Amino acid sequence: MNSQAITGRSFYQKFVDVLGLIRFSHTVFALPFALLSAALAWRVVPFQLTHLIGILLCMVFARAAAMAFNRLVDRDFDAANPRTAQRHIPAGKLSVPFVAGFTLICVMCFVASTLLFQPNQLPLLLSIPVMLFLLGYSYAKRWTSFCHYWLSAALMMSPVAAWIAITGAVSATPLWLAAIVFFWVGGFDILYATQDVEFDQSKNLNSLPARLGVKNALRLAFISHLCTIVCLFVFWIVSGLGPVFLVWLIAVSLLLVYEHSLVRPENLTRVNTAFFHVNAIISIGLFLAAVIDIALFPRS
């Protein structure tokens with residue numbers, strides 16, 4: 001598609017393309033954990049609507065900037081990979097200048113959104129270092145096989161950041177929630193990367209499946225998810241949540257085992273099912289279970 005065709009696309013088409021570019025539906029992976037952290041923080045300090053709006057805006061803009069930047073710097077690799085060749089930049093749906101401009105706007109909006117937490121200065125002061133870390137993930141595959149855990153470290157910041165933004169401090173509760181995100185995301189990103197082993201090896205890109213082989217990488221992903229389950233139980237104890245969350249915690253443990261039953265070294269066709277559907281249920285379910293638990297068993 002040439003530049004004239006890109007320019008001629010309607011506003012609605014471009015809006016849909018932008019949502020597709022940043023995989024807006026995948027917001028369900030990180031946002032519920034930020035909101036869960038906020039819900040627990042509001043047991044410590046009074047609820048403020050501006051804080052809720054700030055968390056939502058910061059999450060949306062930070063993720064949009066990181067995703068758009070990733071598509072921007074990986075556009076040549078995406079074009080060469082049959083699995084990703086139809087992504088928006090290589091397919092000609094969105095131009096490089098447009099995506100670059102969109103990324104810059106999202107970065108500025110993210111920083112501006114932290115002002116909603118005033119007079120707490122920490123969100124504003126930390127906004128640039130956080131954004132640099134998020135954007136840095138896009139280069140991780142070029143030099144480390146542990147790029148999956150750079151991504152998980154980026155997402156694990158969301159519950160900690162939400163807690164700091166609301167309370168102005170940090171405690172064990174958001175840190176254990178962050179640990180859950182770290183091992184959970186790292187594990188399922190390893191699963192996702194098994195689809196590109198041959199391509200990554202041919203382009204000298206780093207990933208654990210490319211380095212260790214699919215079979216060993218799947219074992220490491222399983223160990224990572226076992227660590228997730230351990231962190232979930234510790235978080236349940238530290239956070240003081242009750243029986244509703246415990247029931248869903250057990251269900252999540254079973255879902256993680258089920259996720260790994262979907263993917264076999266000799267059959268990777270169900271990776272996308274394991275990646276999106278199961279993980280969306282896990283993240284949204286944990287948030288809802290916590291909210292119900294807080295509502296039914298409030299602290300005295």
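Please read these numbers as outputs of a predicted model, since none were measured by experiment. Sequence positions, counted from 1, serve as the residue numbers for this chain.
With contacts defined as side-chain heavy-atom distances shorter than 4.5 Å, the pair I89/D78 does not qualify. Taking the side chain as every heavy atom from C-beta outward, H88 and R71 never approach each other to under 4.5 Å. A heavy-atom distance below 4.5 Å is not found between the side chains of L135 and N70. Between F110 and V60, the closest side-chain pair of non-hydrogen atoms is not below 4.5 Å. Side chains of L241 and L246 form no contact here, defined as non-hydrogen atoms less than 4.5 Å apart.
The main-chain N or O of V185 is never found under 3.5 Å from a side-chain atom of S152 such that the two would form a donor-acceptor pair. Checked by atom type and distance alone, the side chain of S283 pairs as donor or acceptor with a backbone atom of N279 at under 3.5 Å. Here the side chain of Q86 pairs no donor or acceptor atom with the backbone of A91 at under 3.5 angstrom. Although no hydrogens or angles enter the test, the distance criterion places a donor-acceptor pair under 3.5 Å between the side chain of Q195 and the main chain of Y192. At distances below 3.5 Å, not a single donor-acceptor pair connects side-chain atoms of R63 with backbone N or O atoms of L31. With R75 contributing its side chain and L72 its backbone, the two residues share a donor-acceptor pair below 3.5 Å. Here the side chain of W236 pairs a donor or acceptor atom with the backbone of G242 at under 3.5 angstrom.
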Problem - Working for side-chain contact (heavy atoms from CB on, under 4.5 Å), residues V214 and L218 - result: CA-CA 6 Å; V214 172; L218 291 179; 3.9 Å; yes

Exercise for the section: Please test F117 against L124 for side-chain contact (heavy atoms from CB on, under 4.5 Å), starting from the C-alpha separation and ending with a verdict. Expected result: CA-CA 8 Å; F117 301 104; L124 178 61; over 6 Å; no

Handout entry: Steps toward side-chain contact (heavy atoms from CB on, under 4.5 Å) verdict (F98, V18)
Key = CA-CA 10 Å; F98 176 87; V18 168; 3.6 Å; yes

Exercise for the section: Take D200 and N206 through the test side-chain hydrogen bond (donor to acceptor under 3.5 Å, both in side chains) and record every step on the way to the result. Expected result: CA-CA 7 Å; D200 288 346; N206 296 289; over 6 Å; no

Practice task
Would you sort out whether I55 and L116 count as a side-chain contact (heavy atoms from CB on, under 4.5 Å), showing the intermediate values?
Solution key: CA-CA 9 Å; I55 289 171; L116 290 169; over 6 Å; no

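Scanning for salt bridge (charged side-chain N to carboxylate O under 4.0 Å, His left out) contacts around D74 gives R142, with sequence neighbours left out. Not counting sequence neighbours, the partners of Y149 by the side chain to side chain donor-acceptor pair (under 3.5 Å) test are S224. Here F245 pairs with F235 under the ring pair (Phe, Tyr, Trp, His ring centres under 6.0 Å) rule; sequence neighbours left out. Looking at residues two or more places apart in sequence or on another chain, you find no ring pair (Phe, Tyr, Trp, His ring centres under 6.0 Å) involving F183.
Put simply, F77 and V73 are part of two different groups of oily side chains (I, L, V, M, F, W, Y) that touch within less than 4.5 Å, one to the next.
Taking the six-membered ring for Trp and the full ring otherwise, W150 and F146 have centroids separated by 6.0 Å or more.
Side-chain heavy-atom separations under 4.5 angstrom define the hydrophobic clusters, and L254 shares its cluster with no other residue.
Applying the side-chain hydrogen bond (donor to acceptor under 3.5 Å, both in side chains) test to pairs two or more places apart or on separate chains, those with a residue in residues 115-128 are Q118-Q121.
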